[in-house]
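What follows is a set of notes on a single structure, which appears directly below.
Counting begins at 1 with the first residue of the sequence. No experiment lies behind these values; they were computed from the predicted model shown.
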Amino acid sequence: MKKQYWIWALFALCLSFGQWVAPVAADEQTPPDQFRVGMEAGYAPFNWTQTTDANGAVPISGEEGSAFAGGYDVQIAKKIAEGLGKELVIVKTQWDGLAPALQSGTIDAVIAGMSPTAERREQIDFTDPYYESDLVVVVRKDGDYASAKRLADLSGAKITAQLNTFHYTVIDQIPDVNKEQAMRDFSSMRVALASGIIDGYVSERPEGVTAVGTNPDLTMIEFAEGEGFETNPEDVQVAVGMRKGDSDVAAINQILAGISQEERTDLMDQAIVQQPADASGETAEQGLIADFKKIIDDYGLLFLRGAGLTLFIAIVSTVIGLMIGLLVGVFRTLPLSENPISRFLQRIVNGLLTIYIEVFRGTPMMVQAMVIFYGTALAFGVSMNRTLAALLIVSINTGAYMSEIVRGGIFAVDDGQFEAAQAIGMTHWQTMIKVVLPQVMRNILPATGNEIIINIKDTAVLSVISVADLFFQGTSAAGTNFQYFQTFAIIGVIYLVLTVTATQILRFVERKMDGPSAYVKLEDINPNE
């Protein structure tokens, strides 16, 4: 009976997962007294991440007490939430995930500097605009295009813009432009520009002011009337994104109508002054060490929380993946049943397991994360906690690899041991549990340890579904302080510490499993001693 305890434990685990991912109707996914707003919290001065509640910043959901969102979008969101009589909750979400999160009901609105383009209106509804800006091009001050006054002056330049924005489409209006691949966020574009990979990027004026104010090596090109980009009114407007048919659109429009143009301008001016990036200049002349110290002081707690979550996901997912790998690997090595029906069912299951292995080994984990987290929410209305989704994604992915590792470990055991076990009347399962698997576990320990190391690093791709792991926290910090080298150098050191520590622990476990290097022969032992 005790041998079956692990089966009941696995069953209980499956039930727990089922409770976490139970389908929830879209209008029930957020409490009625909350107004959940999605934003990047990394697009200053519209929105950014800071470590205190200074200047009216709002706690970020899931990171209360250690991370706060500030900026123009946050101030507008506060006014809307107050007008609706609801509590404002900021949900930090990657740009690519904002629309899926809204459609699936994870958030109630997108207030993230989003323009109400015709293409986006096909998927979501928009309120009246709450800000209107002009398009600019940010270039290096010492570059060949710093003196450009019109689009024709940028001919031959390597220009890019943020992925999935209308900014990228207007690049084609520049004559003979070298249109570079779109980039994921403004942090990436600023680094690419500073390093000379690109000559410039298209942005809105508030972001351009921010970039120039925090990096004296950059300058912003503003175009005179008729010399710049041709845009539709909705392209340069910023509005609140809502779900199709949301009844709150009219109420929010009424609230926005009560915010005068003068007040909106004052809010944006305050956001430009208050953004944390402005403080980076205080240490610019104190040297690199002072920069590192300031980053650690400001974001050290965020980095530690991110590292803890990274380690948790990696270890738990590897253990669950190993369990999946053992079950799948053992099943795939079962001899075909002599019963025709059982043999037919066995082949079907083997076929399904083969598909599972090939799909999860043959597709990137980032794609799997998007499909599992956002795809299931859109297709089936399934709402998952982000951390649970991360565990599920990494566990299933790891299980696909571990199943082949286990199968290889089983085949590495000498056939004579199978024959000997059968000769004394042991069943296949008894042979596996008592004879084969103990040897397999020792043989695959290095490969299992390697999976833990890989998972520690691969959790970085989960930032696509806004899991607050170490990489996500580092990206948020760099997007706020604009000190990319220093920030990611610290993140790299933390990753190295995690992987080296895990490697040493695994080697210690291997030595313990190997036993002592020398044994005392039984005949040399004196029974009288």
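Ring planes of Phe46 and Tyr72: perpendicular class, angle over 60° (limits at 30 and 60°).
The only option from Val37, Thr127, Ile124, Asn253 that meets the side-chain contact (heavy atoms from CB on, under 4.5 Å) definition with Val240 turns out to be Thr127.
Evaluation of the side chain to side chain contact (heavy atoms under 4.5 Å, CB included) rule for Asn47 yields Met39, Glu40, Tyr43, Asp73, Ala112 as partners, not counting sequence neighbours. Annotation: ring-ring contact (aromatic ring centres under 6.0 Å, His included) contacts of Tyr356 (sequence neighbours excluded): Phe360. Qualifying side chain to side chain contact (heavy atoms under 4.5 Å, CB included) partners for Val212, counting only residues two or more places apart in sequence or in other chains: Met220.
Of all heavy-atom pairs between Tyr130 and Ala239, the closest is CE2-C, 3.5 Å. The minimum heavy-atom distance linking Val170 with Leu135 is given by the pair CG2-CD1, 4.0 Å. Nearest heavy atoms, Thr165 versus Gln162: OG1-O, 2.7 Å. The shortest heavy-atom contact between Lys179 and Thr169 is NZ-CA, 4.4 Å. Ser115 and Glu234 get closest at one heavy-atom pair: CB-O, 3.6 Å. When all heavy atoms are compared, the tightest approach of Thr160 to Ala182 is OG1-CA, 3.5 Å.
Ion pairing of Arg386 with Asp469 is absent here, as no side-chain N (NZ or NE/NH1/NH2) approaches a carboxylate O to less than 4.0 Å.
Atom CD of Gln368 sits about 3.5 Å away from atom OG1 of Thr363, to the nearest 0.5 Å. Rounded to the nearest 0.5 angstrom, Ser466 OG and Phe472 CZ are separated by 4.5 Å. Note that CE of Met402 and CG of Leu327 are 12.0 Å apart. Values are rounded to the nearest 0.5 Å. With rounding to the nearest 0.5 Å, the separation of CE in Met365 from CD1 in Ile372 is 9.5 Å. With rounding to the nearest 0.5 Å, the separation of CG in Leu193 from CG in Asn215 is 8.0 Å. A distance of 13.0 Å separates CE in Met189 from CZ in Arg184, rounded to the nearest 0.5 Å.
No hydrogens or angles considered: a donor-acceptor pair under 3.5 Å links the side chains of Glu63 and Gln473. Tyr201 and Glu207 share a donor-acceptor pair across their side chains, judged by distance under 3.5 Å alone. Remark: the Thr117 side chain and the Asp235 side chain contain no N/O donor-acceptor pair separated by less than 3.5 Å. Judged by distance alone, the side chains of Thr318 and Glu451 never bring a donor and an acceptor atom under 3.5 Å apart. No side-chain donor-acceptor contact under 3.5 Å links Lys457 and Thr499.
Around atom CZ of Arg205, no more than 12 heavy atoms belonging to other residues, nucleotides or ligands sit under 6.0 Å away. Around NZ of Lys293, the count of heavy atoms belonging to other residues, nucleotides or ligands within 6.0 Å does not exceed 12. Counting heavy atoms of neighbouring residues, nucleotides and ligands inside a 6.0 Å radius, atom CD of Gln504 exceeds 12 of them. Other residues, nucleotides and ligands contribute over 12 non-hydrogen atoms within 6.0 Å of the CZ atom of Arg121. Atom CD of Glu263 has more than 12 heavy atoms from other residues, nucleotides or ligands within 6.0 Å.
Between Tyr495 and Phe471, a ring centre-to-centre spacing not shorter than 6.0 Å is recorded.
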Point to revise | Audit row: Lys86, Asp108, salt bridge (charged side-chain N to carboxylate O under 4.0 Å, His left out) steps and yes/no | key: CA-CA 12 Å; Lys86 296 183 179 182; Asp108 298 312; 5.8 Å; no

Point to revise | CA sep, side-chain torsions, deciding dist, call: Asp125, Lys244, salt bridge (charged side-chain N to carboxylate O under 4.0 Å, His left out) | key: CA-CA 5 Å; Asp125 285 341; Lys244 280 288 186 181; 3.3 Å; yes

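Between the side chain of Thr106 and the backbone N or O of Leu102, no donor-acceptor pair lies under 3.5 Å.
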